[in-house]
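Chain naming here is simple, since letters A, B, ... match the order of the sequence lines and numbering starts at 1 in each.
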Amino acid sequence: MLDIFNVYLPIAEMQFNALILVAIGFSVGVLGGFFGVGGAWVVTPALNIFGFPMAYAIGTDLAHIFGKSIVATAKHRKMGNVDMKLGLLSIVGSVIGVEIGAQNVMWLTRLGIAGPVVRYLYMVLLFGLGIYMLYDYATKDKRAAAQAAKVAEAARAELAPPARKSWNLPPMMHFPTSGITISFWTVSGVFLFTGWLSGLLGVGGGFIRMPALIYLIGCPTAIAVGTDLFSVLFSGAYGCFTYGIKGRVEIIAAVLMLCGAAIGAQIGVTAVKYIRGYGIRLLFAIMIILAGSSVALKQFNLTTAASWVVMCAALGMCLVIMVKLWNGFKKEQAEKAAYAGKGGA
Amino acid sequence: MKRLLVIISNLILLSGPSTLVWAAAEKAEALQKKIDVTKLSGINYFFASWYNDNMWLYAIIVTVLMGVVGMLIALVADIILKMIGMETHKIEHHE
């Protein structure tokens, strides 16, 4: 019955269901817009499950990520969630870091241990980051209470509240959008490190940069999401072009995925408006733990199960985000109606 | 505990060769192929011809097309969302 949606893909020279491409694009668009990631780790296995040729999967994915990032970044910018200065600095730091990471991979390959090192590092990172973010979420109230008690105690003793410890080596940089003043060396070091990790792991790096922006640089969550997407836009454009030269982009499939992703990204970005920062962090933590489980399954050669885990996780998370968006929207409408009612009376 | 460690170590060592294959398989090299355009028409013919003739131009077309389609969809979707009352504006950042 779904055969009516089959389209001919001229570069891959095969028939493929357009509905599947739009659906994959849509779900990864929601996740990308909401979490500020490219989502290649979802798209590639998903395409693979449905029989899309692997030769074109990564290139086609990167092409649609570029288009989708434009949609999502534009919307985040409207919402005041993109710190351009920080984003541009992240691109410079990341490019250098990626090169160092790529050189390290070549060195590890010469030693014959690149595969296991990369795969285990990937798992440690996903699980470690996910568990830390869950812990951070679980203890947020306790930490807020402790901080409030410290401030109250300082006020009673007529002292200044305790300063937040940080490394203040000049030159200091001010980022008005994020509302932070931080050492240039700290920012550069963080982006160099996240770039190095993405070069070493062979991934776009959105899922590493987003928590780094929150926990290491101190950005508000929504700004971390928007700024990360701004960086993804540039890496996506470069990826689209370079894979295009290599003949690995199936253009019709990329456009179809982009149609779904662009709509999904709008939904994902709008959802950020209705969910508080810690809510985004919690959902992100769950998502990367599930992605880590998928990598672990792949490690034990359970490739199909690994692909299904990551795809089901993506679809489930997509559903959660849409429900949260709908609830937030309804609540906002009800508040508006109540306000209008009071004004009328 | 010791037994568990032995099992884990074995699994790690066993999975080594397969992961090396996986790492090697991820390198992207240019595809050396020509598409048969005799059965194609319209937009498919257009893209396939560029793919065969000049890969650099094909890459530029792909990149520009993705950017333009992305911006167009963003514009249209924004109008639709505004119509249903989901307009976006600067938000307060609550943690």
Side-chain angles (χ1 to χ4, degrees), chain A residues 8 10-11 13 55 58-59 63-64 66-71 74-75 78-81 105 109 112-116 118-120 202 220-223 237 240-249 251-252 254-255 258-259 262-263 265-266 269-270 272-273 276-278 298-301 329 333, chain B residues 11-26 28-33 35-37 40 43-48 50-51 55-56 58-63 65-78 80-81 84-95:
Chain A
Y8 185 70
I11 310 300
E13 296 181 284
I58 299 171
H64 110 275
F66 168 49
K68 179 190 75 182
S69 308
I70 294 177
V71 179
K75 204 163 173 78
K78 245 185 194 175
M79 290 161 72
N81 293 343
V105 170
T109 307
I113 52 169
V118 168
R119 196 69 72 92
Y120 285 112
T221 309
I223 291 182
C240 174
F241 184 71
T242 189
Y243 274 87
I245 292 169
K246 293 177 178 78
R248 286 171 174 266
V249 179
I251 192 163
I252 301 290
V255 170
L258 177 57
C259 291
I263 298 164
Q266 293 274 345
V269 178
T270 312
V272 171
K273 187 175 141 187
R276 295 176 84 91
Y278 265 104
K298 213 171 180 181
Q299 178 68 18
F300 299 118
N301 291 329
F329 175 64
Q333 294 296 100
Chain B
L11 284 173
I12 291 168
L13 288 170
L14 277 172
S15 57
S18 58
T19 47
L20 282 172
V21 170
W22 169 78
E26 295 236 314
E29 282 165 16
L31 290 176
Q32 303 295 331
K33 74 171 225 178
I35 293 159
D36 179 15
V37 292
L40 299 177
I43 199 123
N44 284 354
Y45 177 81
F46 172 77
F47 289 134
W50 282 119
Y51 187 91
M55 211 65 103
W56 274 80
Y58 176 74
I60 293 170
I61 290 171
V62 170
T63 312
L65 187 72
M66 286 298 123
V68 171
V69 174
M71 281 191 272
L72 278 177
I73 298 175
L75 203 73
V76 174
D78 216 27
I80 296 170
L81 284 174
I84 59 168
M86 277 192 185
E87 71 265 62
T88 44
H89 41 77
K90 272 198 186 276
I91 59 165
E92 299 246 340
H93 296 113
H94 299 292
E95 293 299 315

Problem - Heavy-atom closest contact (A:Thr270 atom, A:Lys75 atom, distance) - result: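 For A:Thr270 and A:Lys75, the tightest heavy-atom pair comes out as OG1-CE, 3.1 Å.
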Exercise for the section: Count the heavy-atom pairs under 4.5 Å between each of A:Cys240, A:Cys259, A:Gly67 and chain B, then report the option with the highest count. Expected result: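 Answer, by heavy-atom pair count under 4.5 Å with chain B: A:Cys240.
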Exercise for the section: Heavy atoms only, distances under 4.5 angstrom: which of A:Gly244, A:Ser69, A:Ala63, A:Pro10 has the most pairs with chain B? Name it, please. Expected result: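 The candidate making the most pairs under 4.5 Å is A:Pro10.
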Can you tell me which portion of [X] sits under 4.5 Å from chain B's heavy atoms? Options are side chain, backbone, both or neither.
X	result
A:Ala74	neither
A:Phe66	side chain
A:Ile252	side chain
A:Ile70	side chain

Exercise for the section: List for me each residue that meets side chain to side chain contact (heavy atoms under 4.5 Å, CB included) alongside B:Ala77, sequence neighbours excluded, and say none if there are none. Expected result: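 In terms of side chain to side chain contact (heavy atoms under 4.5 Å, CB included), with neighbours along the sequence ignored, B:Ala77 is linked to A:Gln266.
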Any side-chain heavy-atom pair of [X] and [Y] under 4.5 Å:
X	Y	answer
B:Leu40	A:Tyr8	yes
B:Met55	B:Trp50	no
B:Met66	A:Val255	yes

At a heavy-atom separation under 4.5 Å, does [X] approach chain A through its side chain, its backbone, both, or neither?
X	answer
B:Phe47	both
B:Ile35	both
B:Leu72	neither

Handout entry: By side chain to side chain donor-acceptor pair (under 3.5 Å) - contacts of A:Gln333 (at least two apart)
Key =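 Testing A:Gln333 for side chain to side chain donor-acceptor pair (under 3.5 Å), a comparison that skips the adjacent residues, returns none.
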Exercise for the section: Considering only heavy atoms and a distance below 4.5 Å, find which of B:Thr63, B:Ile80, B:Ile61, B:Ile60 pairs most often with chain A. Expected result: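 Heavy-atom pairs under 4.5 Å are most numerous for B:Thr63.
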Practice task
Against chain A, work out which of B:Gly67, B:Gly70, B:Ala59 has the most heavy-atom pairs shorter than 4.5 Å and name it.
Solution key: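 That would be B:Ala59.
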Practice task
Look up atom CE in A:Met79 and atom CD1 in A:Ile223, then write down how far apart they are to the nearest 0.5 Å.
Solution key: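 One gets 11.0 Å once the value is rounded to the nearest 0.5 Å.
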Exercise for the section: Look at the side chain of B:Tyr58 and the backbone N and O of A:Val249, then say whether any donor-acceptor pair between them is shorter than 3.5 Å. Expected result: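 Checked: pair present.
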